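Below: one structure, written as structure tokens.
All of these numbers come straight from a predicted model, not from anything done at the bench.
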Amino acid sequence: MGDTGFFAALLARVAAALPEHGLHALLACSFIAGMARGFSGFGAALILIPIGGSIVGPKIISPVLLLIDTIAAAGMLPAAWRSANRREVFTMASGALIGVPLGTTALALADPLYLRWAITVLGALMLILLVSGWRYQGQPRAALTAGVGGIAGVFSGAAQLGGPPVVAYWLSGATDVLVIRSNLMLYFVVSSALTAVTYVIGGLFVEQVFALTLVIVPLYASGLYAGSRLFGLARPSTFRTICYVLIGASALLGMPALDGLMR
């Protein structure tokens, strides 16, 4: 009876913390975000953060994504560790060590409405960067790699949007796609650990974050698994196009001006 009562109380608290509107849209978006992340190594935040921010607010959805991605992607870490260029990954992470606290400070202190508009604009700009095909054409250098990591760290701390700058930089060379994907997987593990520390300090891990994590993580993990299975099977160009469309739609629907669509 004690265990039954405990779980009943836990379920009641989880249910009370869930949003009254938009939960189904949030769950569907979580699965799609997981698929994009599993296939390409990035993209989950660009899909989930704008829509999630419109439903529960950026200060809730950013810590939720941090938790679900850490939990769901843990199984992919061993393979990423073996295939990644670890020296380059940790050089990138050294910059994030400075950038992440700055981004987290913005997330904790900024007005939620202004922050949502900033996330929408930032997401759109990151999408334009990726779709444009622009790539850094110079030779990778340690200082530049760390600088890109610092910029990505700011974006990660503020909205979990650190992927595009790193992707654009690493795609600039002739590195194998598998190594780039593994670099991204490993880098996000390291940057997520840094972000988690700053989120704890900033008091962002509130009860609603853990409740949403419990509900969302199964769908996100399923999407992650499906996306990872598609890697190597689907044509990368086709799936990349689909991801771009989803990212663009998410940025549009996440605009505060369109909140009624998520209700």
Self-check item: Heavy atoms from other residues, nucleotides or ligands near CZ of Phe90 exceed 12 (cutoff 6.0 Å)
Solution: yes
Self-check item: Stepwise side-chain contact (heavy atoms from CB on, under 4.5 Å) test for Phe188 and Arg37
Solution: CA-CA 11 Å; Phe188 285 129; Arg37 173 80 158 92; 3.7 Å; yes
Distance (rounded to the nearest 0.5 Å) between [X] [atom1] and [Y] [atom2]:
X	Y	atom1	atom2	result
Ile47	Ser30	CD1	OG	10.5 Å
Ile216	Asp69	CD1	CG	12.5 Å
Ile32	Leu48	CD1	CG	10.5 Å
Met35	Ser228	CE	OG	10.0 Å
Leu204	Thr104	CG	OG1	7.0 Å
Leu26	Leu219	CG	CG	9.5 Å

So does [Y] get a backbone contact from the side chain of [X], meaning a donor-acceptor N/O pair under 3.5 Å?
X	Y	result
Thr198	Thr195	yes
Asn183	Val89	no
Ser54	Ile51	yes

Provide the closest heavy-atom pair for [X] versus [Y] in the form atom of the first, atom of the second, distance.
X	Y	result
Tyr187	Gly153	OH-N, 4.2 Å
Ala25	Ile55	CB-CD1, 4.3 Å
Pro50	Ala45	CD-O, 3.5 Å
Pro63	Phe205	CB-CE2, 3.9 Å
Gly157	Leu107	O-CD2, 3.7 Å
Gly75	Pro78	O-CD, 3.5 Å

Exercise. With the side chain counted from C-beta on, respond yes when Ile151 and Phe155 share a heavy-atom pair under 4.5 Å apart, and no when they do not.
Key: yes
Exercise. Report yes if some heavy atom in the side chain of Thr145 is under 4.5 Å from a heavy atom in the side chain of Glu88; otherwise report no.
Key: yes
Quiz prompt | Criterion side-chain contact (heavy atoms from CB on, under 4.5 Å) on Val148 and Met92, from CA distance to verdict | solution = CA-CA 7 Å; Val148 173; Met92 184 80 72; 3.9 Å; yes
Verify same cluster id: [X], [Y] (apolar side-chain graph, 4.5 Å):
X	Y	value
Ile98	Leu144	no
Leu67	Val200	yes
Leu65	Val197	no
Leu27	Ile49	yes
Val64	Val189	yes

Quiz item: Which residue pairs pass the side chain to side chain donor-acceptor pair (under 3.5 Å) test with at least one member in residues 199-215, sequence neighbours excluded?
Solution: Arg13-Glu207, Gln160-Tyr199
Quiz item: Which salt bridge (charged side-chain N to carboxylate O under 4.0 Å, His left out) pairs, counting each pair once, include a residue from residues 74-87, with sequence neighbours left out?
Solution: none
Quiz item: Restricting to pairs with a member in residues 44-56, which pass salt bridge (charged side-chain N to carboxylate O under 4.0 Å, His left out), not counting sequence neighbours?
Solution: none
Practice problem: In sequence, state the C-alpha distance, the side-chain angles, and the governing distance for Val154 and Val100, and then conclude on side-chain contact (heavy atoms from CB on, under 4.5 Å). | Solution: CA-CA 5 Å; Val154 173; Val100 165; over 6 Å; no
Practice problem: Decide side-chain contact (heavy atoms from CB on, under 4.5 Å) for Leu212 and Ile60; before the verdict, give the C-alpha distance in whole Å, the side-chain angles of both, and the deciding distance to 0.1 Å. | Solution: CA-CA 9 Å; Leu212 280 171; Ile60 296 296; 3.6 Å; yes
